[in-house]
Structure formats: structure tokens, C-alpha cells
Amino acid sequence: MSRKLIVGAAQLGPIARSDSRRVVVGRLVELMREAKARGCDLVVYPELALTTFFPRWYFEQQDEVDTWFEREMPGLDTQALFDEARRLAIGFYLGYAELAEQDGRVRHFNTSILVGKSGELIGKYRKIHLPGHTENEPWRPFQHLEKRYFERGDLGFPAFQAQFNEHQGIFGMALCNDRRWPETYRVLGLQGVEMALIGYNTPLHYAQVPEHDHLQAFHNHLSLQAGAYQNGMWVVGVAKAGIEEGCDLLGQSCIVAPTGEIVTMCSTVEDELITESCNLDRCREIKENVFNFELHREPDTYRLIVETKGAIKPL
Ligand code: CDT
């Protein structure tokens with residue numbers, strides 16, 4: 001069998017603090033057109049793809065924080081992306097900061113959506129693993145205030161049946177720091193996910209352990225490749241890359257096969273599209289063999305994973 005889906009990973013170069021949503025959406029549309037011209041059924045953009053990575057700054061006023069968030073999706077400036085997707089008949093994944101009025105209060109999430117080729121919403125994911133810190137820490141060269149500006153996602157790790165060409169597939173989403181956690185992929189894998197879509201913004205400088213700065217690219221690929229292999233799924237990892245407002249962000253966006261092999265990777269830190277024809281049926285090579293969950297998993301021995309948060313050391 002062969003269920004081929006042509007996927008584009010649309011890496012973005014830096015977005016300036018002063019760039020309007022309209023300018024950024026123009027770049028996304030251009031990449032979408034290139035993806036269509038190269039035969040793509042689905043195009044994947046990074047995390048927080050509409051603005052600069054604003055959690056690198058501490059803002060006193062919530063009003064100022066809220067200017068980075070979308071109250072509607074599509075909204076006035078993002079409608080053009082949905083219109084173009086419908087015109088081209090191409091699906092997309094997009095990361096953005098979401099302001100929602102829910103349960104009688106204002107909520108802030110780091111969100112991604114999966115949109116079908118008619119411009120319809122297929123699914124939404126709200127980031128679970130929020131890295132960084134809550135308070136202003138001026139000793140850092142730049143802040144990472146995701147824990148201050150976002151709430152933990154409240155949707156779990158949902159999976160979606162979706163069809164972007166003649167074939168149906170099962171898709172999941174995650175955002176940036178989620179990709180470092182094996183639990184992310186396993187929860188998706190346990191829902192039969194065949195392709196995980198993951199946008200990221202990863203500074204090369206890690207303030208707490210700067211000795212690891214040179215390992216950022218390695219850890220990125222290590223995580224994406226392990227997640228793909230151990231769950232038998234395609235993984236599409238897409239960066240916002242390059243020097244953004246003085247902060248150097250990792251590129252190396254890539255598409256990983258269910259065997260864990262990187263099959264294509266960006267070579268710049270600018271707007272760049274890479275594409276791959278992904279046969280979703282190749283997931284079976286792994287899902288039906290070495291990681292045949294039904295046959296080989298032993299969940300009753302894994303209780304600690306869901307019953308504890310931190311490590312419990314032996315006495
Ligand atoms: N956006 C995001 O989640 N970035 C983190 C940086 C970790 S350092 C605080 C990442 O895991 O790449």
C-alpha cells in the first residue's frame with residue numbers, strides 16, 4: 001500500500017518586533033504558493049509564526065502583552081492565509097498566540113491549528129510543556145517568559161483524522177519544548193498518529209547551562225528522530241530561525257521518517273521551504289514490528305509515569 005502525502009516544512013527567518021501581521025502573512029502566503037507549486041498537500045509553519053518571539057521580553061502591562069495575541073482566527077490580518085489555502089486547496093499548520101474568552105475569563109495559550117484544504121479548522125492544540133520562567137530575570141541576555149504569558153494547554157494531545165489528498169491519515173500536533181518530551185509522542189502514538197507537526201523557536205544560547213549551547217542542533221534532531229522512531233510516525237519539525245532581535249535561533253527544520261531518519265533538512269536560517277513525499281503506510285514498518293504497542297507494551301509497569309511528577313529516589 002502507499003498513502004503518499006507531499007508535505008512542506010516552511011521555515012521562517014527572523015521576524016522583527018516592528019513587523020506587522022500583514023507583512024508576516026505575506027511571507028506565509030508566498031511560502032504557501034511555493035509549496036503548492038512543488039506539489040504539496042500540506043504546509044507546516046513554525047510556533048508563534050505571526051510575530052517575533054515576544055516572550056524574550058518582560059512587559060509590565062498586560063495590555064502590552066495582549067498586543068501579541070490573536071483574538072480571532074482567522075482575524076482581519078490572517079484571513080488572507082485562509083483564503084489562499086482555500087484557493088490553492090492546500091492544508092496548513094500554524095502556530096500563534098491565542099487569546100480566548102473561556103469560562104467567563106480571558107485565557108492565553110500558545111496554540112497551533114490544523115486547517116484543511118477548504119480553509120476549515122480540523123483541530124487545535126494548546127502547548128502543554130511551557131519552558132522558561134515566570135518572573136523577570138534581568139541577569140539573562142534575553143528572557144524566556146512563556147510560563148508568565150501562557151497558561152498550560154487544556155486540550156491534551158489530541159489526534160485528528162484528516163485528508164489533504166485522496167488519502168486519509170492521522171495527525172497530531174505539538175509545539176517546541178513539547179518535542180523534547182517522550183510523553184508527547186507516546187500519547188500521540190497511542191492514538192495511532194502517523195504524522196506529528198511541530199513548530200519551534202529555539203535560542204542557541206541556553207542561559208542556565210551555556211556549556212550546552214553547541215548541542216542545540218543535536219538535541220533538536222535527537223528528540224525529533226527518537227520520537228518518530230519509537231512511535232513509528234513521520235515528524236515534521238519547523239523552525240523560526242536566524243538572528244531575531246539579537247537572539248540567535250536554531251534552524252535545521254527537517255522531516256523525519258518513521259524509521260527515525262532525517263529525509264530532508266533546511267540549509268539556511270531564512271524563509272525556506274523543504275518538501276518530502278511521505279508515505280503514511282511506512283509507519284506500519286515500525287508500528288507493526290519493533291514498536292508494536294499491542295504486542296510489546298507493558299503499561300502496568302509504567303505507573304510511575306502518570307502517578308508522579310518529579311523523580312522518587314530509592315531510599
Ligand atoms: N519555544 C520553546 O519552547 N523554546 C524552548 C527553549 C528552551 S530554553 C528556555 C525549546 O525547548 O526549544
Side-chain angles (χ1 to χ4, degrees), residues 9 11-15 17 24 44-59 65 68-70 93-98 108-113 125-153 157 172-185 196-227 235-254 256 265-266 269:
Q11 177 176 282
L12 288 178
I15 298 177
R17 185 170 177 169
V24 179
V44 183
Y45 298 112
E47 174 194 43
L48 297 177
L50 298 173
T51 65
T52 197
F53 190 77
F54 64 88
R56 74 168 63 91
W57 295 296
Y58 175 73
F59 300 107
V65 176
W68 299 104
F69 284 73
E70 311 304 312
Y93 159 108
L94 176 75
Y96 65 99
E98 178 193 13
H108 297 81
F109 298 105
N110 187 345
T111 294
S112 61
I113 47 173
Y125 167 70
R126 290 170 169 163
K127 188 173 180 178
I128 301 278
H129 299 102
L130 296 170
H133 48 105
T134 317
E135 299 306 322
N136 191 19
E137 297 186 4
W139 62 270
R140 293 171 182 258
F142 50 86
Q143 307 292 302
H144 199 109
L145 288 159
E146 285 196 62
K147 282 203 190 296
R148 182 179 189 87
Y149 297 146
F150 300 114
E151 283 178 59
R152 192 188 80 175
F157 288 102
M173 293 183 272
L175 282 159
C176 199
N177 193 262
D178 289 323
R179 77 194 189 287
R180 302 184 192 274
W181 297 88
E183 292 86 347
T184 298
Y185 306 91
L197 313 172
I198 310 178
Y200 60 90
N201 282 261
T202 294
L204 292 183
H205 177 55
Y206 185 57
Q208 298 97 311
V209 194
E211 314 80 281
H212 290 181
D213 287 3
H214 71 289
L215 297 174
Q216 289 299 342
F218 168 62
H219 288 159
N220 177 43
H221 285 162
L222 180 69
S223 304
L224 296 172
Q225 291 180 261
V235 173
V236 184
V238 186
K240 172 126 71 53
I243 300 179
E244 188 180 79
E245 297 295 348
C247 180
D248 204 352
L249 297 174
L250 177 70
Q252 301 204 341
S253 304
C254 63
V256 186
M265 179 172 80
C266 282
V269 285

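No hydrogens, no waters, no symmetry mates; every other heavy atom, side chains included, goes into these values. Indexing begins at 1, ligand by ligand and atom by atom, following the structure's order.
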*Answer yes if the side chains of Gln252 and Asn220 hold a donor-acceptor pair under 3.5 Å, and no otherwise.*
no

*Determine the interplanar angle of the Phe54 and Trp68 rings, folded into 0 to 90°, and report it as parallel if under 30°, tilted if 30 to 60°, perpendicular if over 60°.*
parallel

*Should the ring pair His144 and Phe53 be called parallel, tilted or perpendicular, given that the plane angle runs from 0 to 90° and is split at 30 and 60?*
tilted

_Neighbouring residues of ligand 1, heavy-atom cut-off under 4.0 Å_ = Glu47, Phe53, Lys127, Pro131, His144, Glu146, Cys176, Asn177, Arg179, Arg180, Asn201, Thr202, Tyr206

*Name the orientation class of the two ring planes belonging to His212 and His219 (parallel below 30°, tilted from 30 to 60°, perpendicular beyond 60°).*
perpendicular

*Under 3.5 Å, side chain of Thr184 to main-chain N/O of Asp178, donor-acceptor pair present?*
yes

*asked:* For the CH2 atom on Trp57, are there more than 12 heavy atoms of other groups (residues, nucleotides or ligands in this structure) within a distance under 6.0 Å?
replied: yes

